Amino acid sequence: MEIKKRSLKHIRHQDLGNLLAYETTTNGVCGRTTQGYFQATVYTPNIIRVQISQNDFFDELSYAVVCTPEPAEFEVTENKGSILLQTNCLQLEIAKESVLFSFLNNKGQMLNEDCPGLGVSFMGDSKAVYKTMQKGERFIGLGEKTGNLDRKGSGYTNWNTDSFAYSAESDPLYCTIPFYIGLHNQLAYGIFLDNTYQSHFNFGASNDRFSSFTVQGGDLNYYFIHGSSVAEIISFYTHLTGRMQMPPLWGLGYQQCRYSYYPDHEVYQVAQTFRKKQIPADAVVLDIHYMDNYKIFSWDSDRFPDPEKMIKDLKDQGFNVVVMCDPGIKIEKNYHAYEEGVKQDLFLKYPDGTYYSGQVWPGWCHFPDFTKPNTRNWWGDKMEEYARQGVKGYWNDMNEIATWGQKLPELIEFDFDGEGGSTKRGRNVYGLMMCKSTFEGAKKHLDDERPFNLTRAAYSGVQRYAAVWTGDNVSTDEHMLLGVRLVNSLGLSGVAYAGYDIGGFVGEPSIALFARWISIGAFSPFFRGHSMVNSRDSEPWSFGEEVEDISRNYINLRYQLIPYLYSVFYQAHTSGIPVSRSLAIDYSFDDQIYNSSYQNQYLFGPNILVAPVESHKEITKVYLPEGHWYNFHTEELHRGPTEIYVDAPLTHLPLFVKAGSVLPMQSIVQSTQQSPEPLLHLHVYAEGYSEFLYYEDDGNSYQYQSGSSYRRNIISNHQESTLVLSEVEGSWPSKFSEIKIYFHGFTKIDSVKLYDAEHQLKEEEMTFLPAISNFDPRGIEVLEKKITVSTLTIENSDQEIELLF
Ligand code: MIG
């Protein structure tokens with residue numbers, strides 16, 4: 001054989017070239033260019049999918065997208081220089097010469113365009129799209145990513161990674177959610193790049209010309225979403241990738257975790273201490289030491305001789321148990337999971353057909369291939385035993401995949417439902433598919449009960465199966481604030497249910513830091529304290545009496561807010577709008593909210609503004625956006641937009657309530673299993689107009705999916721001096737037979753008239769009682785101003801209730 005000498009052909013950029021042919025399809029348009037192929041598909045009038053490939057076929061398998069194109073009206077027209085695909089709200093213009101894609105709204109305003117001269121770029125197996133940076137453009141979202149709320153000037157990589165003790169700049173972390181929202185000129189759009197290969201996003205990092213995204217394999221496959229607001233775009237994105245189901249009510253409570261509680265009497269001890277100290281909590285979490293030699297689906301019989309009994313005893317005290325689920329299956333003869341996995345061929349393999357072995361807690365392990373249907377079913381059925389033992393909560397860890405050495409070989413084979421793929425395609429989706437298997441298996445075996453499921457690694461769509469926590473954070477103020485941003489960014493990216501390790505996983509928090517962290521954590525969708533093995537005790541009572549009081553106050557407040565919070569979760573379930581809402585959702589074009597001093601602020605549900613502040617600050621600056629805001633602790637009214645200084649001692653986290661809104665609350669309970677007093681505390685804040693969808697159901701089963709729920713609108717209209725609770729929809733009865741209304745900020749109320757559903761006057765001149773605000777976290781002198789608010793108690797009825805004052 002003769003080897004010819006020639007110069008090596010190095011990889012360089014190649015664009016799409018010119019349009020050669022195109023065709024209108026059932027849902028859009030497809031075409032061929034000199035260098036590739038494309039297809040544009042209308043999913044809804046607001047969503048157009050673009051696929052670009054170098055081949056005349058496209059990757060269609062997606063574990064993220066749950067919907068198919070809806071029949072929508074669209075038109076395809078040909079102009080001199082371009083093809084135009086138009087729906088009633090979106091236009092896609094495809095330039096014929098050096099093919100570029102531009103998206104405009106129906107007024108012809110440019111939303112997003114491929115950058116002339118760069119556009120689509122093929123470089124070997126990697127493919128990229130370069131988009132012109134618009135004037136004043138900002139970028140938000142991309143899931144669990146460090147950095148600023150506005151991602152402009154930053155670049156990111158998606159490659160799910162076990163990031164022990166990550167820093168505030170580390171990238172990548174554990175999750176891949178390739179969805180972001182662009183904002184400019186009062187316009188908003190979203191881009192979801194559905195490709196599980198390693199991807200890179202550049203939002204004007206090291207350049208002033210473009211934003212871009214690159215994939216290391218597979219097709220360019222992105223969904224362009226246009227909506228009138230950020231909220232609408234999130235709702236469209238979650239239309240594509242799915243929404244969370246209602247969590248079990250206990251999932252809203254406080255969970256106590258550590259690495260690890262054992263043996264059983266230590267677990268009992270922790271649970272009993274919560275009850276003794278009257279600090280509400282709903283779950284104890286068992287980390288890896290509950291297992292026999294870290295073998296999943298087993299219990300260490302010395303430490304936990306009778307798990308079933310322990311779980312039942314805890315349940316009787318109002319605690320659920322959450323167990324660690326690691327994917328690595330120990331290679332050990334006679335270990336059932338190993339034997340079954342080999343027999344049924346369920347593990348990841350090398351290309352030569354041998355099983356891949358990697359080292360993790362149990363020693364050498366094989367790893368279930370969750371992209372294989374048989375493996376998913378097998379894993380799901382393994383949940384039967386846990387379910388039988390009474391376990392209701394599942395914690396999916398190490399699913400990046402994490403192994404000692406952290407280098408899963410690139411050539412490992414994944415099944416991909418028969419399609420096949422290597423680590424390059426499989427890694428970022430492993431966590432998602434593990435969560436799917438755990439969740440669906442637990443659900444199947446739990447007998448109409450909602451499992452609680454938690455994960456560290458994720459891909460888009462994970463919200464359908466699990467809550468996400470932000471992994472191994474560190475005990476510093478910087479991390480506390482970073483955690484808030486990560487959770488808010490996850491919320492912008494479809495994951496409404498997320499949280500962080502309170503107190504920090506790695507390191508030890510100061511007394512002040514723990515106190516601050518737990519008060520902020522009370523306003524996190526997922527609320528859990530956790531800490532590393534061999535670190536100091538970190539339960540709410542471990543930092544002295546003052547911190548114990550602060551912890552109790554804020555956990556109490558969390559439990560009092562459950563009627564509000566559960567309704568907010570229902571909104572996440574129906575519309576995808578997160579529980580923890582970056583101010584970029586409601587105040588997208590207000591420059592101040594992106595200011596580094598204010599970017600951590602967020603709305604907890606629609607009505608409570610939380611201003612997280614470092615533990616060492618006694619006073620802090622807060623930005624209140626447009627609208628009026630009540631200081632939650634003092635009732636002082638502020639007129640936004642404004643920057644104010646607020647006292648922020650450890651006892652008083654700065655919290656503000658939106659004027660005009662309502663906060664439904666309940667009495668303190670020690671766990672969600674305990675019934676609150678049958679009195680709903682409805683706090684109404686003066687001014688403006690608001691609507692709040694109030695929601696209840698049994699908190700535990702799936703009956704809500706067939707109408708067994710309690711839904712009513714609470715409409716507060718200050719101008720007309722009315723408060724209306726609309727007629728109840730659904731067949732579930734409320735827990736509350738009476739409603740106590742608190743009028744905050746109303747100058748003077750002489751009398752109140754109560755009307756029934758037929759608008760007949762039922763009662764007049766009801767008596768007001770002055771009340772001391774019962775939710776004011778106690779403890780500090782300067783703010784110990786007792787608040788007097790007029791109250792009124794009425795009977796709850798399923799019919800419309802109208803109050804005129
Ligand atoms: O190699 O299960 O992020 O929360 O406590 C560490 C032990 C494995 C990592 C998780 C952490 C958990 C720990 N796990």
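Counting starts at 1 for both ligands and their atoms, following the listed order. Predicted, not measured: the structure shown is a model, and the values here were computed from it.
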- Query: What do you reckon, are the aromatic ring centroids of Phe304 and Tyr290 less than 6.0 Å apart?
  - Reply: no
- Query: Mind checking whether Ile502 and Arg528 have side chains closer than 4.5 Å, heavy atoms only?
  - Reply: no
- Please say whether Asp472 places an N or O atom under 3.5 Å from an N or O atom belonging to ligand 1. yes
- One finds that the ligand 1 atoms under 4.0 Å from a non-hydrogen atom of Trp361 are 1 (O), 6 (C), 8 (C)
- Item | Proximity to ligand 1 by part of Phe164, non-hydrogen separation under 4.0 Å | neither
- Query: Given Asp397, Leu286, Val360, Ile288, which one has a non-hydrogen atom that is nearest to atom 9 (C) of ligand 1?
  - Reply: Asp397
- Query: Looking just at side-chain N and O atoms, do Ser167 and Ser170 make a donor-acceptor pair shorter than 3.5 Å?
  - Reply: yes
- Message: Quick test: of every protein heavy atom, which one is nearest to atom 4 (O) of ligand 1, and how far off is it to 0.1 Å?
- Response: His530 NE2, 3.0 Å
- Task: Answer yes or no: is there a side-chain heavy-atom contact under 4.5 Å between His530 and Asp472?
- Result: no
- Message: Angle between ring planes, Trp395 versus Trp469, binned at 30° and 60°: parallel, tilted or perpendicular?
- Response: perpendicular
- Query: Quick one: do the Asn396 and Tyr465 side chains pair a donor with an acceptor below 3.5 Å?
  - Reply: no
- Query: Are Trp378 and Phe370 an aromatic pair by the rule of ring centers under 6.0 Å?
  - Reply: no
- Query: Heavy atom under 4.0 Å from ligand 1: found in Met532's side chain, backbone, both, or neither?
  - Reply: neither
- Contacting atoms of ligand 1, where contact means under 4.0 angstrom from a heavy atom of Met324: 2 (O)
- Message: So is Trp395 touching ligand 1 or not, going by heavy atoms under 4.0 Å?
- Response: yes
- Item | Parallel, tilted or perpendicular: ring planes of Phe604 versus Phe523, cut at 30 and 60 degrees | perpendicular
- Message: Is there a side-chain contact between Phe505 and Tyr259 in this structure, where contact means two heavy atoms from C-beta onward sitting under 4.5 Å apart?
- Response: yes
- Heteroatom proximity flag, Asp501 to ligand 1, N/O under 3.5 Å: no
- Item | Mode of Tyr174 contact toward ligand 1 - side chain, backbone, both, neither (heavy atoms, under 4.0 Å) | neither
- Query: Taking both backbone and side-chain atoms of Trp404, is any N or O found less than 3.5 Å from an N or O belonging to ligand 1?
  - Reply: no
- Nearest neighbour in protein (non-hydrogen) for atom 5 (O) of ligand 1: Asp287 OD2, 2.5 Å
- Message: Measuring from non-hydrogen atoms of Trp469 to any atom of ligand 1, is the shortest distance under 4.0 Å?
- Response: yes
